[in-house]
Amino acid sequence: MAEVENTPETPQEPAGSLVEAPEVESVPEAGSIPPAGTESVSEPSLDDLRAEVEQAATALRTSEDLRQQLNSQLDDAEERVKAAEVALERERVGRRHGLPDELMEFLRGDSAEALEAQAKKLAKYAAAGRSTLGYGGLEPFESHSNGIEKILRNAREF
C-alpha cells in the first residue's frame, strides 16, 4: 500500500507574513456628503412620510366603508332569499292540501312542519266551504222537462 501524506488541501501561509487590510481614507461623519463615485440613497422627508401615512389611512377608511356596504347588501340578499324560500314552501304546502289562493296567506311559520300543521287545519274549513250545487241552473246533460223541476225544487229548499 501506498502511504498517504497528511497535508492540508489549502497551503498555509508562513507565519511571518500578515495579510494587510486595504487602507480606508476616512470614515464619513453622519450627515456629511458621501465621497464622489458612491451611490447615495435619499431618505424621504418627514412631510413625504406624513403624506404617505395619510394616504394609507384614507385608503383604509375607504376599504372599511366598502366592506360595511358589501356586508349590508349581503345581509339584505340573505333575508330576501330566506323570505322567498318560506313563500315557496308555503305555496307548496298549500297546493298539496288543496287550499285556494285566498287562504295561502294564512299559513304562517318558518318550518315545513309548522306550515303542514296549519295547512291541515285550514284544509278542513276550505273543504267545508266548497259548494256542491253544480252549475246553478240546468245541467247540459239533463233534458228540459227534468231541469225545470230541479230548478223549482232547489228554489223551495232555500
Side-chain angles (χ1 to χ4, degrees), residues 1-137 139-140 158:
M1 279 197 162
E3 289 186 27
V4 179
E5 285 185 30
N6 284 335
T7 59
E9 293 179 10
T10 57
Q12 293 181 351
E13 294 185 19
S17 72
L18 295 176
V19 178
E20 294 182 18
E23 278 188 40
V24 177
E25 293 177 12
S26 66
V27 178
E29 294 180 21
S32 68
I33 300 174
T38 61
E39 232 177 85
S40 67
V41 177
S42 65
E43 294 182 17
S45 69
L46 187 57
D47 292 336
D48 292 342
L49 292 175
R50 284 183 181 152
E52 190 175 325
V53 167
E54 184 61 34
Q55 285 177 345
T58 302
L60 181 62
R61 283 191 298 270
T62 303
S63 67
E64 277 296 314
D65 291 344
L66 289 174
R67 187 185 62 80
Q68 288 175 354
Q69 288 176 356
L70 289 174
N71 283 338
S72 174
Q73 289 175 356
L74 179 63
D75 292 342
D76 292 343
E78 287 174 348
E79 288 176 19
R80 288 194 311 266
V81 166
K82 183 173 178 167
E85 287 173 347
V86 169
L88 178 62
E89 187 63 27
R90 181 184 308 130
E91 184 77 19
R92 285 179 179 163
V93 169
R95 295 285 175 227
R96 198 172 344 173
H97 289 281
L99 294 178
D101 292 340
E102 295 84 27
L103 295 179
M104 295 284 186
E105 66 186 52
F106 294 107
L107 294 176
R108 302 274 186 236
D110 290 336
S111 67
E113 294 82 21
L115 291 172
E116 283 285 335
Q118 290 180 357
K120 286 178 185 177
K121 289 178 187 176
L122 285 174
K124 290 188 289 188
Y125 298 110
R130 292 187 187 133
S131 174
T132 58
L133 294 177
Y135 298 107
E139 304 290 341
F158 286 111

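What you see below is based on every heavy atom in this structure, not just the backbone, and it leaves out hydrogens, waters and symmetry mates.
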Note: Ala114 and Gly109 closest approach over all heavy atoms is CB-CA, 4.3 Å
NE2 (His97) and CG (Leu115) are apart, to the nearest 0.5 Å, by 9.5 Å
All heavy atoms of Pro44 vs all of Leu49, minimum pair found to be CG-CD2, 4.0 Å
*asked:* So that I can tick it off, tell me whether Lys82 and Glu78 are bridged by a salt bridge, with the cut-off set at under 4.0 angstrom between side-chain N and carboxylate O.
replied: no
Sequence neighbours excluded, the answer for side chain to side chain donor-acceptor pair (under 3.5 Å) partners of Ser45 is Asp48
Rounding to 0.5 Å, atoms CD (Gln69) and CG (Leu74) come to a distance of 13.5 Å
Sequence neighbours excluded, the answer for side chain to side chain donor-acceptor pair (under 3.5 Å) partners of Asn71 is none
Residues Arg61 and Glu54 bridged, charged N to O under 4.0 Å: yes
- Check the pair Glu116 / Lys120 against salt bridge (Lys or Arg N to Asp or Glu O under 4.0 Å), numbers first and verdict last. CA-CA 6 Å; Glu116 283 285 335; Lys120 286 178 185 177; 5.2 Å; no
On a heavy-atom basis, the closest approach of Arg67 and Glu64 is NH2-OE1, 2.9 Å
To the nearest 0.5 Å, atom CZ of Arg92 lies from atom CE of Met104 at 12.5 Å
Here the gap from Leu107 atom CG to Glu89 atom CD, rounded to the nearest 0.5 Å, amounts to 10.5 Å
Value for CD (Gln118) from CZ (Arg90), rounded to nearest 0.5 Å, stands at 9.5 Å
Residue set satisfying side chain to side chain donor-acceptor pair (under 3.5 Å) with Glu52, at least two apart, ordered chain then number -> none
Tell me whether Ser72 contacts the main-chain N or O of Gln68 through its side chain, where contact means a donor paired with an acceptor under 3.5 Å. no
With a 4.0 Å cut-off, would you call Asp75 and Arg80 a salt bridge?
no
